[in-house]
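Lettering of chains follows the sequences in order, A, B, ..., and the numbering in each one begins at 1.
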Amino acid sequence: MPELPEVETVRRGLAPTLVGARFVRVETRQSGLRAPFPPRFAERLKGRRIEALKRRAKYLLAALDGGETLILHLGMSGSFRVEGGGESPIPTTHFPRGKNAAHDHVVFVLDNGARVVYNDPRRFGAMDLVPSEGIDERAPFDALGVEPLSKEFDAARLAALCAGSRAPIKAALIDQKRIAGLGNIYACEALWRARISPLRPAAILADARGRPTAAARALAPAIRAVLEEAVEAGGSTLRDHRQPDGELGYFQHSFAVYDREGAACPRRGCRGIIARVAQGGRSTFHCPACQK
DNA sequence: CGCATCCCCTGCCTGC
DNA sequence: TGCAGGCAGGGGATGC
């Protein structure tokens with residue numbers, strides 16, 4: 001479920017349980033997810049205290065004492081749930097409808113009595129344990145682009161990132177080397193808000209001097225706004241994550257185009273019908289009538 | 001280098 | 001009802 005707003009929602013949901021706690025025991029029930037777990041993963045985590053839980057792009061970063069960072073990525077279908085550990089249940093973790101315990105791949109047992117369980121049917125997620133020092137200069141973080149909710153992200157930056165690119169603008173937007181954390185859903189939604197066709201080349205965001213065009217000046221705030229609104233709504237909850245314990249994400253009810261093929265364009269005065277096209281093997285949703 | 005394609009894996013939905 | 005095929009929020013490797 002994992003674009004920036006969903007990962008941020010998970011971060012906020014897990015932080016009260018994780019930050020300040022120590023790992024008493026870590027159980028892995030698979031040899032790995034997308035990649036094998038690092039050597040002695042569970043043993044190295046045991047006894048470590050979580051000092052902070054941060055997010056970069058779609059990654060969660062648990063900074064531990066002892067100078068290491070636990071990297072967590074949810075892939076397509078990963079989710080966390082919190083069991084036990086006091087009076088405040090943490091319902092923001094979008095636990096899948098299936099609740100298939102066969103896909104509980106990692107259990108983090110904490111000294112505050114809580115257990116944090118990672119469930120991931122498709123096992124596209126990832127976990128790693130790396131030195132905290134210089135983490136931003138190493139893969140995968142060294143290749144990530146600008147955080148779209150940061151001050152550094154604006155029309156000028158967006159234009160510079162896309163200047164000269166002949167890739168379709170939708171593909172450029174979900175390229176993590178350009179904008180970190182934007183994914184398929186919110187790229188589609190932002191383009192609709194900015195009335196830009198996802199099929200146009202990314203280069204239309206910059207003029208001959210590399211400065212932002214009107215399209216960039218519309219799109220940059222649209223990206224920021226849709227992400228902020230989605231974070232505020234607790235992210236989006238769909239498909240296998242449709243019925244989470246605690247049912248928090250509800251931004252899916254605000255989609256203008258995503259997963260709305262054949263429906264009426266919600267823009268006032270627009271008579272368009274939302275279309276779905278394939279770009280780079282993934283579905284893009286847009287309104288051919290008002291996105292130019 | 002930039003971009004497109006394919007693959008990782010499982011579950012769900014659709015259409016035959 | 002059963003089954004094959006298509007599709008799914010991501011990201012990494014490969015090849016042109």
Novice: Is atom CD of A:Glu133 surrounded by more than 12 heavy atoms (other residues, nucleotides or ligands) closer than 6.0 Å?
Specialist: no

Novice: Please give, in whole Å, the distance from C:dG9 P to A:Leu227 CG?
Specialist: 16 Å

Novice: Check whether any side-chain N or O of A:Lys58 sits under 4.0 Å from OP1 or OP2 of C:dG11, and answer yes or no.
Specialist: yes

Novice: Would you mind reading off the distance between A:Asp175 atom CG and B:dC3 atom C1', rounded to a whole angstrom?
Specialist: 10 Å

Novice: When you compare the side chains of A:Tyr186 and A:Glu229, does any donor N or O come within less than 3.5 Å of an acceptor on the partner?
Specialist: no

Novice: Heavy atoms under 4.0 Å, any strand shown: does A:Pro5 hit a base, just sugar-phosphate, or nothing?
Specialist: nothing

Novice: Below 4.0 angstrom from OP1 or OP2 of B:dG11, is there any side-chain N or O of A:His103?
Specialist: yes

Novice: Mind checking the P distance from C:dG6 to B:dC6? Whole angstroms is fine.
Specialist: 13 Å

Novice: Ignoring the backbone of A:Arg276, work out which of C:dC7, C:dG9, C:dG11 is nearest its side chain.
Specialist: C:dC7

Novice: Can you check the A:Glu261 CD to C:dC7 P distance for me, whole Å?
Specialist: 10 Å

Novice: Give A:Arg34 one of three labels, base, sugar-phosphate or nothing, depending on what nucleic acid heavy atoms sit under 4.0 Å from its own.
Specialist: base

Novice: Using a 5.5 Å cut-off between ring centres and planes within 30 degrees, is A:Phe124 stacked on the base of C:dG11?
Specialist: no

Novice: Indicate, yes or no, whether a donor-acceptor pair under 3.5 Å links the base of B:dC9 to the side chain of A:Arg122.
Specialist: yes

Novice: Expressed in angstrom and rounded to an integer, what is the separation of A:Leu33 atom CG from C:dG10 atom P?
Specialist: 17 Å

Novice: OP1 or OP2 of B:dG11 versus the side-chain N and O atoms of A:Ser77: is any pair under 4.0 Å?
Specialist: no

Novice: Do A:Ser79 and A:Asn119 pair up side chain to side chain, a donor and an acceptor below 3.5 Å, judged on atom types alone?
Specialist: no

Novice: Say you pick atom P in C:dC7 and the same atom in B:dT5; how far apart are they, in whole Å?
Specialist: 14 Å

Novice: Anything under 30° is parallel, anything over 60° is perpendicular, the rest tilted; go ahead and classify A:Tyr118 against A:Phe80.
Specialist: tilted

Novice: Return the orientation label for the A:Phe251 and A:Phe255 ring planes: parallel under 30°, perpendicular over 60°, tilted otherwise.
Specialist: perpendicular

Novice: Whole Å only: how far is the CG atom of A:Asp120 from the C1' atom of B:dC9?
Specialist: 9 Å

Novice: With a 4.0 Å limit, can you tell me whether A:Tyr59 has a side-chain N or O closer than that to the phosphate oxygens OP1/OP2 of C:dG10?
Specialist: no

Novice: Over how many whole Å does the gap from A:Leu144 atom CG to C:dG12 atom P extend?
Specialist: 8 Å

Novice: In whole angstrom, what separates A:Leu4's CG from C:dG10's P?
Specialist: 11 Å

Novice: So if I take every side-chain heavy atom of A:Ala167 and compare against B:dC9, B:dC3, C:dG9, which nucleotide ends up nearest?
Specialist: B:dC3

Novice: Using a 4.0 Å heavy-atom cut-off, does A:Arg282 contact any base of the nucleic acid, only the sugar-phosphate backbone, or nothing at all?
Specialist: base

Novice: Rounded to the nearest Å, what distance is computed from the CD1 atom of residue A:Ile169 to the C1' atom of nucleotide B:dA4?
Specialist: 18 Å

Novice: Counting only Watson-Crick pairs (N1-N3 plus N6-O4 or O6-N4) and G-U wobbles (N1-O2, O6-N3), all under 3.5 Å, who is the partner of B:dC7?
Specialist: C:dG11

Novice: Count the heavy atoms belonging to other residues, nucleotides or ligands that lie under 6.0 Å from CD of A:Glu83, then report whether that count exceeds 12.
Specialist: yes

